[in-house]
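What follows is a short report on a single structure.
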Amino acid sequence: VYLVLSLLLLFLVLLDVLLGHLGNIVELLLILRIGVLHHKAVIRVEHRHITLQALRLNRAVGKLISRLHDVVHQLFAVRRVGIGLQRILERDDCRLMTTNLVVCKGIYERLIVQTLRQFGDDVAELVASNSENKSKTWDERKQHTITELEKAEEELSQKVNDIMMIIPNIIDPSVPIGKDDSENVEVERFGDPVVPDFEIPYHREIMESFDGIDLDSAARVAGNGFYYLCGDIARLHSAVISYARDFMIDRGFTYYIPPFMIRSDVVTGVMSFAEMDAMMYKIEGEDLYLIGTSEHSMIGKFKDQIVKKEELPITMTSYSPCFRKEVGAHGIEERGVYRIHQFEKQEMVVLCKPEESMEWYNKMWSYTVEFFRSLDIPVRTLECCTGDLADLKVKSCDVEAWSPRQKKYFEVGSCSNLGDAQARRLGIRIKGENGNYFAHTLNNTVVAPPRMLIALLENHLQADGSIKVPEVLRPYMGGLDYIK
């Protein structure tokens with residue numbers, strides 16, 4: 001027993017010594033490996049201080065990149081993004097080169113005099129071998145080198161930024177895996193869907209029966225995808241928006257009417273390039289875009305701002321007209337107002353601490369459900385799968401309203417948690433006790449007529465062709481009970 005214990009103790013001592021040296025061995029191997037990368041990727045400046053700084057920086061960045069590669073592989077797989085890992089590797093190479101160029105430039109500027117004094121003869125011989133430098137003074141050569149470094153830094157930084165802007169966000173683990181919106185998952189239904197015992201006409205026909213819509217004139221004036229609302233239908237449209245505004249104010253949200261145009265740096269801060277191309281109208285000759293939703297203006301309000309932790313959460317509800325090109329598979333509906341170029345919307349937007357964003361996500365979609373149920377419209381919630389999740393979103397769900405005519409649900413709102421994606425792009429940070437960090441942003445549709453009017457008209461159509469006005473809307477309709 002003593003012999004076994006003695007051997008075990010000896011083994012432990014040897015193992016402890018080995019482990020003590022293992023860290024140094026690994027560190028040496030890493031330094032050697034990164035030294036090769038450094039030799040290939042960085043503009044060589046033969047000075048031992050510069051080399052040491054660059055090697056340390058490469059090692060730190062390299063460790064982080066190696067940990068991210070597996071995550072990136074999985075992220076592309078579930079989101080079906082066609083960027084490819086090679087683009088990310090290119091981004092890593094650019095980042096290493098850019099970072100080291102900055103280090104080299106800074107140290108070069110500080111140590112150029114000492115370098116020339118210590119290695120003057122060797123450097124002079126090296127520079128003299130370059131025909132372009134033979135006739136230049138030392139100051140001219142120094143300035144030329146710094147200028148070249150700055151140019152390379154700018155080009156590589158832009159390349160890094162361009163690639164980073166198309167990398168999607170990390171999704172929440174609870175998001176279901178799926179190829180497209182056909183694989184979204186129903187979560188819960190609210191209210192009993194009813195199909196009346198009389199035929200329900202198409203929504204355009206219902207509106208026209210009250211002289212409430214004129215699509216033909218709108219097409220002559222602006223083309224397809226636009227409309228004139230008239231009379232009581234236009235009044236009902238305004239009543240819904242006004243009620244939505246007060247509904248959110250009563251829940252502690254601050255009411256805003258934001259700018260209806262935003263600059264390009266805000267556009268790229270709030271959405272991906274693919275979304276921008278499919279949605280946004282650009283003002284010719286101006287750095288301005290028409291907003292597709294007031295969320296864009298409301299998040300842009302905090303661009304490059306540092307928000308005090310005590311001020312959070314910031315809860316806002318905003319009204320705006322919305323303008324969308326609707327490029328893609330869905331296109332424009334010519335018969336009615338389901339998918340159009342111009343509509344109005346009441347939005348809710350929240351800026352909060354990271355640890356509170358999921359709590360607010362659940363509150364926000366529940367507000368939309370509560371709003372539609374107050375209008376006696378049955379709804380359901382759908383969890384968006386990975387294939388239907390926009391690039392910047394962490395988690396998203398759709399609220400769908402019941403259509404008695406189609407005997408199915410259709411989308412009337414969408415709630416999204418974007419994590420810190422928009423905050424990173426726009427520089428929205430929280431001032432914390434241990435330093436600044438990025439905020440989380442969320443947005444959700446309260447209501448977006450005239451699409452929402454389809455659900456309201458169909459669910460409140462009476463057998464005699466009249467429309468019953470929901471009780472909560474009557475104060476906004478001058479006390480009108482029915483539209484006849």
Side-chain angles (χ1 to χ4, degrees), residues 191-244 321-324 326 329-346 371-380 398-413 445 447-474 476-478 480-484:
D192 297 323
V194 175
V195 177
D197 55 4
F198 56 86
E199 184 179 354
I200 298 179
Y202 191 67
H203 69 267
R204 175 177 178 175
E205 297 171 16
I206 298 175
M207 293 181 178
E208 287 177 337
S209 69
F210 302 106
D211 292 326
I213 190 169
D214 185 351
L215 294 178
D216 294 334
S217 295
R220 291 194 300 271
V221 170
N224 292 327
F226 298 92
Y227 55 87
Y228 285 99
L229 293 184
C230 328
D232 284 338
I233 296 299
R235 193 178 183 189
L236 184 64
H237 177 283
S238 297
V240 168
I241 288 289
S242 296
Y243 170 57
C322 304
F323 306 92
R324 300 187 181 184
E326 294 293 0
H330 296 293
I332 290 297
E333 183 197 21
E334 296 185 12
R335 288 184 59 204
V337 294
Y338 181 77
R339 195 176 300 279
I340 46 187
H341 288 308
Q342 173 190 319
F343 58 94
E344 295 178 53
K345 184 164 68 157
Q346 191 71 35
F371 175 83
F372 275 85
R373 292 302 299 132
S374 71
L375 297 168
D376 295 325
I377 299 175
V379 294
R380 70 171 181 175
D398 291 337
V399 176
E400 297 189 333
W402 173 250
S403 168
R405 185 186 71 83
Q406 300 179 81
K407 300 179 179 60
K408 67 177 185 179
Y409 292 89
F410 67 94
E411 182 186 340
V412 290
T445 308
V447 67
R451 179 189 288 190
M452 175 272 178
L453 292 184
I454 300 173
L456 194 154
L457 294 173
E458 289 188 5
N459 282 279
H460 291 282
L461 182 67
Q462 306 299 298
D464 63 358
S466 64
I467 301 294
K468 183 180 179 180
V469 178
E471 187 174 347
V472 293
L473 295 182
R474 292 172 190 173
Y476 302 93
M477 294 285 291
L480 192 66
D481 295 332
Y482 288 89
I483 298 175
K484 298 180 180 180

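- A pairwise comparison of heavy atoms in S466 and Y482 identifies OG-CD2, 3.9 Å as the closest pair.
- Here the closest non-hydrogen pair linking V194 and W402 is O-NE1, 3.1 Å.
- In this structure, V240 and Y476 have side chains that are not in contact, with every pair of non-hydrogen atoms separated by 4.5 Å or more.
- Counting only heavy atoms from C-beta outward, the side chains of S374 and Y243 approach each other to under 4.5 Å.
- Between D481 and R474 there is a salt bridge, since a side-chain N of the basic residue sits under 4.0 Å from a carboxylate O of the acidic one.
- Test K484, M207, H460 against I467 for side-chain contact (heavy atoms from CB on, under 4.5 Å) and you get one pass: H460.
- Of the possible donor and acceptor atoms, one in the side chain of R451 sits under 3.5 Å from a partner among the backbone N and O of E411.
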Test side chain to side chain contact (heavy atoms under 4.5 Å, CB included) applied to R204 and L215, step by step: CA-CA 9 Å; R204 175 177 178 175; L215 294 178; 3.6 Å; yes
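- Between P450 and I340 there is a side-chain heavy-atom pair separated by less than 4.5 Å.
- Ring pair F410/Y338 is perpendicular by interplanar angle, where above 60° counts as perpendicular and below 30° as parallel.
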Stepwise side chain to side chain contact (heavy atoms under 4.5 Å, CB included) test for L457 and L236: CA-CA 10 Å; L457 294 173; L236 184 64; 4.1 Å; yes
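- For Q462, the CD atom counts as densely surrounded, since its 6.0 Å shell holds more than 12 non-hydrogen atoms of other residues, nucleotides or ligands.
- Contact record, I200 with P404: CD1-CB, 3.3 Å, taken as the closest heavy-atom pair.
- One distance of note links CG of D376 with CZ of R373; it measures 6.5 Å at 0.5 Å rounding.
- Residues L461 and K468 form no side-chain contact, since every pair of their non-hydrogen atoms from C-beta on lies 4.5 Å or further apart.
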F372 vs V412, side chain to side chain contact (heavy atoms under 4.5 Å, CB included): CA-CA, chis, key distance, verdict: CA-CA 10 Å; F372 275 85; V412 290; 3.6 Å; yes
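- Of all non-hydrogen atoms in P201 and I206, the two that sit nearest each other are O-CD1, 3.7 Å.
- Ring-centre distance between F343 and F323: not below the 6.0 Å cut-off.
- M477 contributes atom CE, which lies 11.0 Å from atom OG of S242 (distance to the nearest 0.5 angstrom).
- Within the 4.5 Å cutoff, the side chain of L473 has no heavy atoms near those of the L480 side chain.
- Residues C230 and I213 share a closest heavy-atom pair of SG-N, 4.1 Å.
- Residues F226 and H341 bring their aromatic ring centres within 6.0 Å.
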Working for side chain to side chain contact (heavy atoms under 4.5 Å, CB included), residues V399 and T445: CA-CA 9 Å; V399 176; T445 308; over 6 Å; no
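- The shortest distance between side-chain heavy atoms of N459 and P378 falls below 4.5 Å.
- Taking a 6.0 Å sphere around CG of D464, one finds it holds more than 12 heavy atoms contributed by other residues, nucleotides or ligands.
- S217 and R220 are linked by a side-chain donor-acceptor pair at a separation below 3.5 angstrom, with hydrogens and angles left out of the test.
- With a 4.5 Å cut-off on side-chain heavy atoms, F210 and I233 count as touching.
- Looking at heavy atoms from C-beta onward, I377 lies in side-chain contact with M452 at the 4.5 angstrom threshold.
- Residue S403 comes nearest to E458 through the heavy atom pair OG-OE1, 2.6 Å, listed as atom of the first residue, atom of the second, then distance.
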